[in-house]
Trainee: 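Just passing along the structure, written as structure tokens.
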Protein chains: 2
Amino acid sequence: MTTSPSPAARPRAGSLARRPDVAVLVVILTVDGARVKVLLVRRSAEPFKDSWSLPGGLLMDSESLDEAAARKLDDETGVTDVFLEQLYTFSDLDGRGSVAVAYFALVDSQQAHLARRREWPPAWFGVDELPPLAFANETVIDYALRRLRAKLDYSNVAYSLLPPDFTLSQLQHVYEAILGRPLDKRNFRKRILSLAIIEPTGGLASEGRHRPARLYRFRERRPVVF
Amino acid sequence: MTTSPSPAARPRAGSLARRPDVAVLVVILTVDGARVKVLLVRRSAEPFKDSWSLPGGLLMDSESLDEAAARKLDDETGVTDVFLEQLYTFSDLDGRGSVAVAYFALVDSQQAHLARRREWPPAWFGVDELPPLAFANETVIDYALRRLRAKLDYSNVAYSLLPPDFTLSQLQHVYEAILGRPLDKRNFRKRILSLAIIEPTGGLASEGRHRPARLYRFRERRPVVF
DNA sequence: CCAAAAGTGTTGGCTGTACACCCATGT
DNA sequence: ACATGGGTGTACAGCCAACACTTTTGG
């Protein structure tokens, strides 16, 4: 969503207009087993050099915020067609008055190929086991988690956390990991099926499974609100 | 909410980091009778000089985004203690790549004293009767309205659109104006009272009324989620 | 006395939640 | 044979929507 801003009101007498740095941050989340994980990188510059932080960077010449966020996501994970949404814009906390536009992305951990840098490669961390982070990055991650939990209730965002074909149990595990509580199997299936956001592929999952399970796919691999 | 941003990643080779203008816009909404209205001002500078637009301006030295938005709101309406929340950050549409952080505010039109500039004073416009606007300001207003309608359903934001003491009918009119449809009186009262977000003051409203009505006030004059 | 707004309950449908057993396959 | 996960239905409760009349006051 790239729409227009508005008034280039002139600075008033007595005050100075600022030209702050504008950074983009991306909270990249995935579900791995029963845990929600977030992708972190090591900072290569001061301040907080060498401490873990969310991936991000400055806005490049003539790119929009959405483009910058998608670029960052691609840089770190090699993934492009996933759920990516603006989260919140933070100001003022690197001490030098910069502005940081946070995004959040949902990726299938199987599909992501993390950047293989020689030093300080990115890594996944369970959101309950975060290392000390630069700036107030915990706040940003909390914000993303709250938003994700809310969206799970009224949208199909989970499409971005699973492979194209998946079983209802896999889907349920994703919901349980994000909500942090077990869900009743029958109620879950009833609800999801009645929403008609997924459809059976006709195939069966048999890979090392006990009883083969029906495969489903999302009708839309883009965000849909119920 | 002023929290910290993150990485001051260095620009990479081959690309140029941008130092864009950062503007703050405020969608100031009120409910007047049966209409939702938005405050607009006339632009005093190119581009779009003299056309209507949302109030806004550049970030001043050493102020946060929230402070800038509150300042703008105060400048235009003289109002300070109201609902004010960040909405979305737009990039790229004044053609010169600026970044605009939009906020939205809810004010009681009785309480707002519009800035009395000699020329081009601000004015209220019904959101269904907007004049031609600068940039893509219609998009921003739409966004605010959607958010407001959603919040009405699960928060007490309406507190900011009414005087401290009000009748249930007044509250219902506010809801009806925002949702754009009539609500059943008995169901409305039942629902609101069961939420326990308001309480009777003990007083009665009798000003030019037919039958005196009980007055209520919000238990919390700050945002609360149900 | 008439107009205008305040106030008040009940019913039916729908939705969400709790809950337990059998089956197919792999080992 | 057993362990593992897949698959299925019912009953109760709470919530929301529909619906009409009486009362009080001002003009």
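Lettering of chains follows the sequences in order, A, B, ..., and the numbering in each one begins at 1.
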Trainee: Write down the atom of A:R43, the atom of A:S53, and the distance for their closest heavy-atom approach.
Mentor: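 Heavy atoms of A:R43 and A:S53 come nearest at CG-OG, 3.4 Å.
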
Trainee: Could you tell me the separation between the CZ atom of B:F166 and the P atom of C:dA6, rounded to a whole number of Å?
Mentor: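 After rounding, the gap between these two atoms is 14 Å.
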
Trainee: Quick test: give all pairs of protein nitrogen or oxygen and nucleotides 11-18 of chain D nitrogen or oxygen below 3.5 Å, distance rounded to 0.1 Å.
Mentor:
residue: D:dA17; atom: N6; partner: B:K190; partner atom: NZ; Å: 3.3
residue: D:dA18; atom: N7; partner: B:N187; partner atom: ND2; Å: 2.9
residue: D:dA18; atom: N6; partner: B:N187; partner atom: OD1; Å: 3.0

Trainee: Between B:E199 (side chain only) and B:R219 (backbone N and O only), is there a donor and an acceptor less than 3.5 Å apart?
Mentor: no

Trainee: In whole angstrom, what separates A:F188's CZ from C:dT17's P?
Mentor: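 Taking CZ of A:F188 and P of C:dT17, I get 13 Å after rounding.
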
Trainee: Inspect the contact between B:K37 and B:D32 and indicate whether a charged nitrogen and a carboxylate oxygen are less than 4.0 angstrom apart.
Mentor: yes

Trainee: In plain terms, say whether A:E76 and A:R117 are close enough for a salt bridge, that is, a side-chain N and a carboxylate O under 4.0 Å apart.
Mentor: yes

Trainee: How many whole angstroms separate atom CG of A:L183 from atom C1' of D:dG7?
Mentor: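 A:L183 atom CG is separated from D:dG7 atom C1' by 17 Å.
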
Trainee: I need the CD1-P distance between A:I192 and C:dT17, as an integer number of Å.
Mentor: 12 Å

Trainee: So, does B:R214 get its side chain near the phosphate of C:dA6, meaning an N or O under 4.0 Å from OP1 or OP2?
Mentor: no

Trainee: Salt bridge or not between B:E63 and B:R71? Use side-chain N to carboxylate O under 4.0 Å.
Mentor: yes

Trainee: Could you state the CG-P distance from A:L193 to C:dG16, rounded to the nearest angstrom?
Mentor: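 Nearest whole value for this atom pair: 14 Å.
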
Trainee: Going through the checks in order, is the side-chain contact (heavy atoms from CB on, under 4.5 Å) test met by A:L193 and A:Y216?
Mentor: CA-CA 10 Å; A:L193 293 173; A:Y216 292 83; 4.0 Å; yes

Trainee: Do B:F104 and B:Y143 have ring centres separated by under 6.0 Å?
Mentor: no

Trainee: Taking only side-chain N and O atoms of A:S169, does any of them lie within less than 4.0 angstrom of OP1 or OP2 on D:dG6?
Mentor: yes

Trainee: Quick one: closest heavy-atom pair of B:A177 and B:G33, and the distance?
Mentor: CB-O, 4.4 Å

Trainee: Between A:K185 and B:A213, which has a closest nucleotide on DNA chain C that is more 5'?
Mentor: B:A213

Trainee: Over how many whole Å does the gap from B:L204 atom CG to C:dA5 atom P extend?
Mentor: 18 Å

Trainee: Report the distance from atom CZ of A:R189 to atom C1' of C:dT15, rounded to the nearest whole Å.
Mentor: 20 Å

Trainee: Nearest whole angstrom, please: distance from the C1' of C:dA6 to the CD of B:Q170.
Mentor: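 So the CD-C1' distance, B:Q170 to C:dA6, works out to 13 Å.
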
Trainee: For every nucleotide of nucleotides 22-27 of chain C, 5' to 3': is a protein heavy atom under 4.0 Å from its base (B), only from its sugar-phosphate (S), or from neither (-)?
Mentor: -BBBS-

Trainee: Between A:F90 and A:F135, is the ring centroid distance below 6.0 Å?
Mentor: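 No, the ring centres sit 6.0 Å or more apart.
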
